[in-house]
Amino acid sequence: MKGTQETYPFPGADKRETENRTVFQKTEITEPALFSPSDTTKPIENFPEICVSTFSQNIIEKFSTLKNVEKISELYTANGVIPVYKICYRNTNIAFYLSRVGAPACVAGFEEIVAMGAKKFVLFGSCGVLDDDKVKDRIIIPVSAVRDEGTSYHYIAPSSEIEAEPHSIRTLEKVLTSCGYSYVKGKTWTSDAIYRETVPVIQERRQGGCISAEMECASMIAVSRYRNIPFVQFLYGADNLSSDTWEIRDLALHGLTSGEKYMVLAFECGLAL
């Protein structure tokens with residue numbers, strides 16, 4: 001109508017820009033999804049309620065060879081097949097498998113594991129250290145994550161950070177204390193680009209209170225909240241990003257140095273959820 005004027009949701013936007021807004025610019029997530037995990041992955045009878053996952057193939061391979069472990073399923077991707085195993089730990093069956101590195105692949109695996117029947121989930125892995133004085137040799141409990149990735153925005157409306165569930169934090173604290181492990185609570189930085197952790201952004205994240213850098217935490221908090229799955233994640237420091245030069249330390253070992261400790265700790269967290 002003559003004399004009317006169309007308005008758009010952000011300054012300088014024209015109609016084309018409005019029609020092509022990304023998930024970062026929308027105020028809420030959209031529904032429904034065209035297809036769901038249950039369309040690609042069927043439930044498995046007697047699938048363990050507790051599932052543990054890590055990014056270290058070394059750790060998974062070591063535990064998969066134990067006598068009381070059996071393969072119960074597989075995850076299929078264009079990258080290859082990922083076995084899903086079952087172990088009996090303290091008279092409780094627990095599933096475990098290898099998570100792919102990076103938020104999209106990690107979340108997709110989690111979605112399919114939940115479709116198989118998992119009801120509680122524990123994830124652990126290495127991270128870059130942004131504050132070496134605070135972290136030292138302590139296990140990290142992420143209390144919140146800076147959302148510098150994209151996957152979480154498809155599950156939870158945009159925000160600069162996402163907080164971990166208080167129950168998950170309390171569970172981790174209780175288990176770590178009972179096991180006698182020292183820990184530190186803090187904010188983590190979830191990034192999509194490992195080779196674009198630039199010096200200015202590292203300094204910015206440190207000033208913002210981040211003590212670690214990784215690639216999945218924000219997305220996993222978001223998807224677990226969306227699917228209403230109790231979720232715990234802990235981190236252990238690998239390479240150091242808090243000095244003037246990058247220190248690789250034991251990053252190349254992919255967690256094998258303390259693999260048994262981390263895996264058993266994850267099992268204990270699963271039982272405590």
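Taking CD from E45 and CD1 from I72, the interatomic distance works out to 12.0 Å, rounded to the nearest 0.5 Å. With rounding to the nearest 0.5 Å, the separation of NZ in K187 from CD in E161 is 3.5 Å. To the nearest 0.5 Å, atoms CD1 (I221) and OG (S168) are separated by 8.5 Å. For the atom pair S73 OG and M116 CE, the distance stands at 3.0 Å (nearest 0.5 Å). To the nearest 0.5 Å, atom CG of residue L172 and atom CD1 of residue I140 are 12.0 Å apart. Between atom OH of residue Y85 and atom CD1 of residue I60 there is a gap of 8.0 Å, rounded to the nearest 0.5 Å.
A donor-acceptor contact shorter than 3.5 Å is absent between the side chain of E112 and the backbone of G109. The closest donor-acceptor contact from the side chain of R206 to the backbone of L130 lies under 3.5 Å. Under the 3.5 Å distance criterion, the side-chain polar atoms of K120 are matched with a main-chain donor or acceptor of L273. No donor-acceptor pair closer than 3.5 Å links the side chain of T41 to the backbone N or O of S38. Looking at D192, its side chain does come within 3.5 Å of a backbone N or O of G150 through a donor-acceptor pair.
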Worksheet entry | L123/F110 under side-chain contact (heavy atoms from CB on, under 4.5 Å): CA gap, chis, key distance, verdict | CA-CA 10 Å; L123 179 67; F110 167 84; over 6 Å; no
Worksheet item: How far apart are the C-alpha atoms of E173 and K185, what are their side-chain angles, what is the distance that settles it, and do they pass the salt bridge (Lys or Arg N to Asp or Glu O under 4.0 Å) test?
Response: CA-CA 9 Å; E173 288 187 281; K185 297 191 294 183; 3.4 Å; yes
Practice prompt. Given side-chain contact (heavy atoms from CB on, under 4.5 Å), test F121 with V114 step by step and report yes or no.
Written response: CA-CA 9 Å; F121 198 84; V114 170; 5.7 Å; no
Discussion item. The test is side-chain contact (heavy atoms from CB on, under 4.5 Å); show your working for L265 and I139 and say whether it passes.
Written reply: CA-CA 11 Å; L265 178 59; I139 290 174; 3.5 Å; yes
Fill in: side-chain contact (heavy atoms from CB on, under 4.5 Å) assessment of I50 paired with Y89
CA-CA 11 Å; I50 301 169; Y89 177 78; over 6 Å; no
Discussion item. Between E214 and T190, is the side chain to side chain donor-acceptor pair (under 3.5 Å) condition met? List the steps.
Written reply: CA-CA 5 Å; E214 37 66 48; T190 306; 2.7 Å; yes
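Legend: residues meeting ring pair (Phe, Tyr, Trp, His ring centres under 6.0 Å) with Y181, ordered by chain and number and at least two apart, are absent. Scanning for ring pair (Phe, Tyr, Trp, His ring centres under 6.0 Å) contacts around F63 gives an empty result, with sequence neighbours left out.
Judged by the 6.0 Å and 45° rule, R147 forms a cation-pi pair with Y153.
Across every non-hydrogen atom of E268 and C179, the tightest pair is CG-SG, 4.5 Å. Here the closest heavy-atom approach between residue S219 and residue S152 is recorded as OG-N, 3.4 Å. Across all their heavy atoms, A266 and V52 have their closest contact at CB-CG1, 3.6 Å. Closest non-hydrogen pair, F234 versus P142, comes out as CA-CD, 4.3 Å. When every heavy atom of N68 is checked against every heavy atom of C88, the shortest pair comes out as ND2-O, 3.1 Å. The two residues E111 and Y155 come nearest to each other via the heavy atoms OE2-OH, 2.7 Å.
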Distance-only check: which donor-acceptor pairs under 3.5 Å involve side-chain atoms of residues 97-104, not counting sequence neighbours?
residue, atom, partner, partner atom, Å
S99, OG, S53, OG, 2.6

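Using a 4.0 Å cut-off between charged side-chain N and carboxylate O, E197 and R205 make no salt bridge.
Neither F96 nor Y76 shares a network with the other; the hydrophobic side chains, linked directly or stepwise wherever heavy atoms of I, L, V, M, F, W or Y lie under 4.5 Å apart, form separate groups for each. Cluster membership for I113 and Y226, using ILVMFWY side-chain heavy atoms within less than 4.5 angstrom, is shared. At a threshold of 4.5 Å between side-chain heavy atoms, the hydrophobic network of Ile, Leu, Val, Met, Phe, Trp and Tyr places Y236 and V143 in one connected group.
Heavy-atom neighbours of D137 CG from other residues, nucleotides or ligands within 6.0 Å: at or below the threshold of 12. When the shell of 6.0 Å around CZ of F24 is examined, it contains more than 12 heavy atoms from other residues, nucleotides or ligands. D39 CG: more than 12 foreign heavy atoms inside a 6.0 Å radius.
M263 has its side chain within reach of F124: a pair of non-hydrogen atoms, C-beta onward, lies under 4.5 Å apart. Between M220 and V107 the shortest side-chain heavy-atom distance falls below 4.5 Å. Looking at heavy atoms from C-beta onward, W189 lies in side-chain contact with I202 at the 4.5 angstrom threshold. I94 has its side chain out of reach of V122: every pair of non-hydrogen atoms, C-beta onward, lies at least 4.5 Å apart.
No hydrogens or angles considered: nothing links the side chains of S56 and T54 as a donor-acceptor pair under 3.5 Å.
When V264, V175, L176 are each tested for a side chain to side chain contact (heavy atoms under 4.5 Å, CB included) with C269, only one passes: V175.
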